[in-house]
Amino acid sequence: MLSRYLGVVVPIVCATAAHAQTPPRLGLSGAAKGLSMTDPKTVKFEADLLAAINELRKAAKLEALPMDDRLRVMARRQAEGVAKGERSPTAIEDELKAQRLAPNGSRVQYVAGVKPKDILKEVERDKTATASLKEEFARIGVGAFFVPEDKAPYFQVTIVVAKELDPMAGKPGLTLDATNKVMADAANTIKSLCYDPALRINPNFSGNLVFQLVIGDKGQVDSAKLNVKTNNDGFDGCALGVARGLQFPPPYKGRPVTLNHPLRFLPPHGDKKVGRLADGHVSRVFRMAEGAIKACYDERVKANPSLKGAIALYLLVGPDGAVKNLVVEHDEPGDPALTVCVSTEVHKLVFPAPEFGADAEVRFPVRFEPPPKPKP
């Protein structure tokens, strides 16, 4: 049996033009003369042998190799030439080099036999040959030549395996599309669980996070840390907790992947600074103006005893606590004189200085109910 792999040659006994010697085969002997390699029987034999090889690969959890037509033609020519003693075992190596069909290395296997499965068993006796058939990335050509000996016809076979490089060599085991999708979902979760609560404490809160995640063989997050933080411990810890529970697609070949991913969080108003007034402060100021506002209603209810409902007010309170702007967003009573009177009184209000030293938005409903009718 001849084995060649990356330039290493192990000699075999082969037929020559002068003397018909025994070709490498399963104990069969005879003169090397035969039919054309395009004979349908030969083509079927090649396909059956490749199927047997792919069964071997399947057992090793490897993908099946399709027949490479260029390698098959070369292998057929070599099988016939070796059987007839017309080609040297190294001829195919020269062809592979000349046509640049195996730049990453190759192995040429010679064997003879009658049944594909028996031939594969013969090949498997050579551990190096078996390893070549189990190359994860490879191209294969199986070429056969039928030798119709009178007593024991057989097939002379050449198997060519051209090694290919891992297409993902030097690349991360997960694509950006795969990681970006998971991190986009994570951003939404962090917003609802971590960022929105932080905004209720500080409406101007914003910041950048850069996660460093190590993604394990099944897509789980094996470790997580923040390379860039916001220095809001509550928010940062919450966001990191979400990241630790993420599930990514399994990385290529189960190789761990280190992902560095940035997320930026901005409030709805963007970079504009806003102030805030606590609900208790707002209610207290309106209670102080309750008498003046009630007087507006008492005056108008005399003319319309059924007058009632809420006037919804929007106020913009400046950094000094004064009302800078007032808008009536909803007016259930629908009495213009009442609305003007209430707006005038509310404009006079002075609130505590808003937190964060900026304008604060206030929404407050003023409700009116007619006095109860006296009992008879």
Side-chain angles (χ1 to χ4, degrees), residues 5-6 50-68 71 102-107 120 123-124 127-142 159-196 207-230 235-265:
Y5 185 64
L6 297 177
L50 179 59
I53 291 171
N54 280 328
E55 283 296 318
L56 177 68
R57 292 178 61 83
K58 182 179 179 181
K61 298 182 179 179
L62 296 170
E63 291 186 1
L65 292 178
M67 184 78 81
D68 185 297
L71 293 180
N104 303 303
S106 65
R107 181 181 177 86
L120 185 57
V123 174
E124 286 185 282
K127 292 183 179 180
T128 307
T130 304
S132 74
L133 297 180
K134 292 182 179 179
E135 285 282 359
E136 185 168 2
F137 303 101
R139 291 176 292 110
I140 190 169
V142 178
I159 302 171
V160 184
V161 178
K163 186 177 180 180
E164 294 286 356
L165 296 179
D166 184 342
M168 292 294 289
K171 299 179 182 179
L174 284 170
T175 65
L176 280 177
D177 287 344
T179 57
N180 284 345
K181 182 180 185 304
V182 175
M183 293 307 295
D185 292 341
N188 291 331
T189 302
I190 291 171
K191 179 184 181 301
S192 61
L193 294 183
C194 312
Y195 187 63
D196 289 346
N208 297 317
L209 298 175
V210 176
F211 295 89
Q212 185 178 94
L213 309 178
V214 177
I215 302 167
D217 60 338
K218 294 180 175 59
Q220 77 282 2
V221 175
D222 285 340
S223 69
K225 68 177 182 178
L226 289 172
N227 286 339
V228 175
K229 304 178 182 181
T230 67
F235 171 73
D236 292 347
C238 179
L240 196 56
V242 172
R244 289 192 177 107
L246 296 177
Q247 180 64 45
F248 292 84
Y252 179 70
K253 286 186 172 181
R255 296 187 302 223
V257 171
T258 299
L259 173 68
N260 292 286
H261 194 97
L263 290 179
R264 179 168 174 75
F265 294 90

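Nothing fancy with the numbering, it's 1 onward along the sequence.
Between Leu246 and Met183 there is a side-chain heavy-atom pair separated by less than 4.5 Å. No side-chain heavy atom of Leu209 sits less than 4.5 Å from a side-chain heavy atom of Val228. You'll find the side chain of Gln220 stays beyond 4.5 Å of the side chain of Ile215, heavy atoms only. Counting only heavy atoms from C-beta outward, the side chains of Leu65 and Asn54 approach each other to under 4.5 Å. Side-chain contact check for Arg107 versus Lys163: every heavy-atom pair is 4.5 Å or farther apart. No side-chain heavy atom of Asn227 sits less than 4.5 Å from a side-chain heavy atom of Phe211. Between Lys134 and Leu62 the shortest side-chain heavy-atom distance falls below 4.5 Å. At a threshold of 4.5 Å between non-hydrogen side-chain atoms, the residues Leu213 and His261 do not count as touching.
Asp68 and Arg139 get closest at one heavy-atom pair: OD2-NH1, 3.1 Å. In this structure, Leu71 and Gly141 approach most closely via the heavy-atom pair CB-CA, 3.7 Å. Heavy atoms only, all atoms of each residue included: Ala102 and Ala162 are closest at CB-CB, 3.9 Å. Of all non-hydrogen atoms in Pro250 and Leu174, the two that sit nearest each other are O-CD2, 3.8 Å. Taking each heavy atom of Met67 and Val142 in turn, the nearest pair found is SD-N, 3.4 Å. Closest approach of Leu263 to Ala187, counting heavy atoms only: CD2-CB, 4.0 Å.
Under the 4.0 Å criterion applied to side-chain N and carboxylate O atoms, Glu63 and Arg57 are not assigned as salt-bridge partners. Salt bridge status for Asp177 with Lys181: absent, with no side-chain N to carboxylate O gap under 4.0 Å. The pair Asp217-Arg255 does not meet the salt-bridge criterion, since no charged nitrogen lies less than 4.0 angstrom from a carboxylate oxygen.
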Before you tell me yes or no, could you show the steps for Thr179 and Leu176 under side-chain contact (heavy atoms from CB on, under 4.5 Å), namely the whole-Å CA-CA distance, both residues' side-chain angles and the distance that decides it to 0.1 Å? CA-CA 5 Å; Thr179 57; Leu176 280 177; 4.2 Å; yes
Take Val161 and Leu133, measure what side-chain contact (heavy atoms from CB on, under 4.5 Å) needs, and give me the verdict at the end. CA-CA 7 Å; Val161 178; Leu133 297 180; 3.9 Å; yes
Could you walk me through whether Val257 and Tyr252 pass the side-chain contact (heavy atoms from CB on, under 4.5 Å) check? CA-CA 9 Å; Val257 171; Tyr252 179 70; over 6 Å; no
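Using bins of under 30°, 30° to 60° and over 60° for the plane-to-plane angle, the ring pair Phe235/Phe265 lands in the perpendicular bin.
Taking NZ of Lys191 as the start and CG of Leu193 as the end, the distance is 11.0 Å to the nearest 0.5 Å. A distance of 10.5 Å separates OG1 in Thr130 from CD1 in Ile53, rounded to the nearest 0.5 Å. Once rounded to the nearest 0.5 Å, the distance linking CD1 of Ile140 with OG of Ser106 reads 12.5 Å.
Side-chain atoms of Asp236 come within 3.5 Å of backbone atoms of Thr230 as a donor-acceptor pair (strictly under, hydrogens ignored).
More than 12 heavy atoms of other residues, nucleotides or ligands shown are found within 6.0 angstrom of NZ on Lys253.
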